[in-house]
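Down below is the structure, laid out as structure tokens.
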Amino acid sequence: MPYPCGHGRFGRMEQLKRTATCGELTAARDGETVVLNGWVHRFRDHGGVKFVGLRDRYGITQVVVDEDADEALKATAEGLKNEFCIAVRGTVRTRPPEMINPDMVTGAIEVAALEIRVLSTCEPLPFMIDERSEARDELRLKYRYLDLRSFSMQRKIKLRHDVCYHTREYLHERGFYEIETPTLIKSTPEGARDFLVPSRLHRGRFYALPQSPQLFKQIIMVSGFDRYFQLAHCYRDEDARGDRQLEHTQIDIEMSFVSRDDVFEVVEGLMARLFERALGATIEIPFRRLSYEDAMNRYGSDKPELRFEMPLHDFAPLVSGSGFAVFESVLASGGTVKALVAGGCADYSRKQISELEESAATYGARGLAWMKVTAAGGLEGGISKFFAARAAEIIATLGAQPGDLLLVVADQWKTACTALGAVRSRLGRQLGLCDPARFSFAWIVDFPLFEWNAEEQRWEAAHHMFSMPQERFLEHLEDDPGAVKGNLYDLVCNGFELASGSIRIHDPELQRRVFGIVGISDEEARRRFGFLLEAFQYGAPPHGGIAPGLDRLVMIMAGESSIREVIAFPKNTAGVSLMDDSPSHVDQKQLDELGLQIVERESDYPAVRSPVDGS
RNA sequence: GGGGGCGUGGCGAAGUUGGUUUAUCGCGCCGGCCUGUCAAGCCGGAGGUCGCGGGUUCAAUCCCCGUCGCUCCCGCCA
């Protein structure tokens with residue numbers, strides 16, 4: 001049997017199983033009698049002759065009911081509505097030359113119907129199934145099965161399948177084993193909140209859904225499996241975004257006896273393979289490398305958009321003698337002043353500049369200063385009167401041209417960089433500097449291992465606690481944690497963080513020191529990660545890994561800006577699945593079995609949903 | 001937790017700086033006509049208390065407040 005088939009409520013299929021798909025018939029099949037199964041994409045009734053655009057996942061084929069067809073067939077045809085699921089038996093015939101449709105693969109032929117059987121009828125649709133649905137997301141998610149029928153969604157789901165398939169093929173070729181890890185695990189909260197699953201057999205105890213298979217993949221290395229991968233589902237109970245869902249999929253990879261560069265080589269090969277096989281695109285490898293510090297200083301982001309340059313400049317050396325108190329006081333308090341040259345934007349209005357300022361403000365900048373470079377090579381407008389004396393020097397240092405707009409932010413280093421980086425991204429989009437057909441990858445390396453949490457007055461792991469400090473810092477870890485660089489790396493592409501990884505700590509003593517710096521006692525470490533620490537006492541190999549985000553990868557390949565577009569059944573930004581309406585309340589009986597009691601918050605009282613809707 | 005945007009027949013949009021009248025357009029839907037379309041065409045028709053609640057006003061779809069939903073962003077997080 002060449003194709004899978006099913007049974008409709010309305011007609012038996014035994015005699016009308018498809019012998020061809022709606023995407024494969026061409027003039028070479030002229031004269032053949034075929035059976036097609038599919039959905040009515042469009043119906044055009046000309047009174048005499050009638051046309052049905054019959055669609056399946058492979059394409060659309062035109063079915064014709066001729067003027068002289070028998071009455072029963074014509075009656076069936078006239079009853080067809082959009083999205084009826086039907087079977088058609090008919091004869092392939094080439095079209096007269098003037099009726100060939102060059103835009104369709106099957107446009108040279110049509111199928112003259114001998115028999116049409118309705119397998120399933122269809123209610124009037126909530127939205128049209130077009131190449132790309134125009135309905136708003138809310139509706140598309142509610143009727144996801146209809147949205148998924150569109151060719152644009154089918155292409156994206158196929159792309160995702162191809163990426164998964166070629167990932168498995170490539171990693172298999174490179175000696176990796178696919179090993180599954182549990183989805184009900186011990187709660188070991190790191191950065192994000194865990195999803196908890198109550199245990200019926202052990203009342204009062206909980207499993208957690210994994211935020212990632214991190215601990216298990218390290219234990220797999222201890223187990224001697226050398227090279228592991230998994231298309232792993234990961235769950236984090238945090239607010240969603242366009243590029244973030246409560247649940248997402250990682251291409252989780254871990255390797256023993258490797259250095260950072262070995263990991264890079266595997267992932268570069270993987271990306272090259274995926275782009276070539278799934279997209280037919282060539283990407284340049286190896287990827288460029290940028291330190292975290294350079295990425296922040298030059299592009300104002302740890303996931304920089306590198307399809308255009310427009311670098312940030314250090315403006316601090318140009319401040320002295322200006323008499324501009326704002327900049328001088330920021331510098332005096334240890335901050336920094338960064339500048340950006342917006343090429344050809346000297347004609348920007350105050351409104352346009354204040355829109356840019358809003359971008360800077362979202363990241364905490366208190367203002368966005370500006371000056372325009374005049375045709376004569378001077379500075380005008382904004383804060384230019386403070387810098388008139390050094391105008392030529394400023395223009396030369398920043399590499400600005402007449403007609404450019406200079407934008408300046410003064411603040412603490414990280415705020416100044418990220419705020420001006422946001423302005424840079426906005427300008428890049430606004431000025432159309434991002435070629436949608438380009439993929440600009442880079443490794444971001446040399447991340448700090450620890451970050452100071454000012455609120456809680458303590459050090460915390462910037463990535464996670466199992467990442468190896470770079471060797472040159474090993475002796476003096478505790479002296480200045482903020483200065484310690486980790487053997488940590490991110491892969492970025494077109495302004496998205498695509499992957500994150502590290503070389504891990506495999507020495508229990510070093511692990512203990514790192515726990516010490518982030519304030520985790522031996523006892524707490526034993527309680528939370530005891531099984532891992534114990535495993536490390538039995539000959540743990542040096543190891544490291546990485547985890548590219550599958551959803552984001554496919555999103556970028558598909559040219560989309562939301563991962564919802566490449567997930568078959570996504571949740572919305574509030575974490576609600578609009579199709580099945582989860583999360584939902586559960587029966588009191590289920591709660592009783594688990595020993596759980598719901599404590600309503602006062603703010604929940606004007607309850608939107610009944611607390612006992614039982615769904 | 002915070003900020004911005006949106007909500008008008010089944011879908012997508014327009015609209016009213018508050019007012020004469022039936023709230024407009026395209027798609028879809030229903031009925032009719034039509035031998036060649038492929039976004040078919042032509043004629044006719046049904047369908048909306050302008051998200052919900054309150055306020056201001058002689059008068060609110062429009063202004064104000066609240067609320068719900070969706071979305072983008074900051075925080076958080078990958």
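Residue numbers start from 1 in every chain, and the chains themselves are labelled A, B, ... in the order their sequence lines are given, proteins ahead of strands. For the numbers below, each heavy atom of this structure counts, side chains included, while hydrogens, waters and symmetry mates do not.
Base engagement by A:R93 is indicated by at least one non-hydrogen atom pair under 4.0 Å involving a base atom. Across all strands, A:G242 comes closer than 4.0 Å only to sugar-phosphate atoms, never to a base (heavy-atom distances). Using a 4.0 Å heavy-atom criterion, one finds that A:R564 contacts the sugar-phosphate atoms exclusively. Nucleic acid contact for A:G48: sugar-phosphate only, since backbone atoms but no base atoms lie under 4.0 Å from a heavy atom of the residue. Among the protein residues, A:I60 comes within range of no part of the nucleic acid, since none of its heavy atoms lies under 4.0 Å from any strand. Counting non-hydrogen atoms under 4.0 angstrom, A:Q245 reaches a base of the nucleic acid. Within the 4.0 angstrom heavy-atom criterion, base atoms lie near A:E67. When heavy atoms are screened at a 4.0 angstrom cut-off, A:Q62 is found touching base atoms of the nucleic acid. The residue A:M99 sits close to a base: some heavy atom pair falls under 4.0 Å. Across all strands shown, A:N82 has heavy atoms under 4.0 Å from sugar-phosphate atoms exclusively, and none from any base. Nucleic acid contact for A:E110: base, since at least one base atom lies under 4.0 Å from a heavy atom of the residue. Across all strands shown, A:P124 has no heavy atoms under 4.0 Å from either base or sugar-phosphate atoms.
Note on A:T573: a side-chain N or O is less than 4.0 Å away from OP1 or OP2 of B:U71. Contact annotation: A:R44 does not reach the phosphate of B:U37 (side-chain N/O to OP1 or OP2, under 4.0 Å). Checking the phosphate oxygens (OP1, OP2) of B:C30, a side-chain nitrogen or oxygen of A:K81 falls inside 4.0 Å. Residue A:R42 places none of its side-chain N or O atoms closer than 4.0 Å to OP1 or OP2 of B:C38.
With sequence neighbours excluded, the residues satisfying side-chain contact (heavy atoms from CB on, under 4.5 Å) with A:T573 are A:R564.
A:M579 places its CE atom 16 Å from the P atom of B:C70, with the value rounded to the nearest Å. A:N101 places its CG atom 11 Å from the P atom of B:U37, with the value rounded to the nearest Å. In this structure, A:I567 places its CD1 atom 13 Å from C1' of B:A78, rounding to the nearest Å.
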Polar atom pairs between nucleotides 4-7 of chain B and protein, under 3.5 Å, N or O only, would you list them?
none

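The stacking criteria are not both satisfied for A:H46 over the base of B:G36, which would need a centre-to-centre distance under 5.5 angstrom and an angle between ring planes under 30 degrees. Residue ring and base: A:F51 counts as stacked with B:U37 (centre distance below 5.5 Å, interplanar angle below 30°).
No donor-acceptor contact under 3.5 angstrom links the side chains of A:E565 and A:S562, judged on distance only.
Judged by Watson-Crick or G-U wobble contacts below 3.5 Å, the nucleotide B:A46 has no partner. In this structure, B:G69 and B:C6 make a Watson-Crick or G-U wobble pair, each of the two defining distances being under 3.5 angstrom. Remark: B:G19 base-pairs with B:C58; criterion is Watson-Crick or G-U wobble with both hydrogen-bond distances under 3.5 Å.
Between A:N572 and A:T362, the residue whose closest nucleotide on RNA chain B is further toward the 5' end is A:N572. Toward the 5′ end of RNA chain B lies the nearest nucleotide of A:L578, the other residue of the pair A:L578 and A:K303 mapping further downstream.
Nearest to the side chain of A:R193, among B:C38, B:C76, B:A78, sits B:C76. With B:G1, B:C27, B:G36 as the choices, the nucleotide that has an atom nearest any side-chain atom of A:M128 turns out to be B:C27. The listed nucleotides are B:G10, B:G36, B:C70; the one nearest the side chain of A:P126 is B:G10. Closest contact between the side chain of A:D45 and the listed nucleotides B:C34, B:G10, B:G1 involves B:C34.
The gap from the P atom of B:C6 to that of B:C63 amounts to 11 Å, rounded to the nearest Å.
In this structure, A:F466 has its ring center closer than 6.0 angstrom to the ring center of A:F529.
At a cut-off of 3.5 angstrom, the base of B:C76 holds at least one donor-acceptor pair with the side chain of A:R244.
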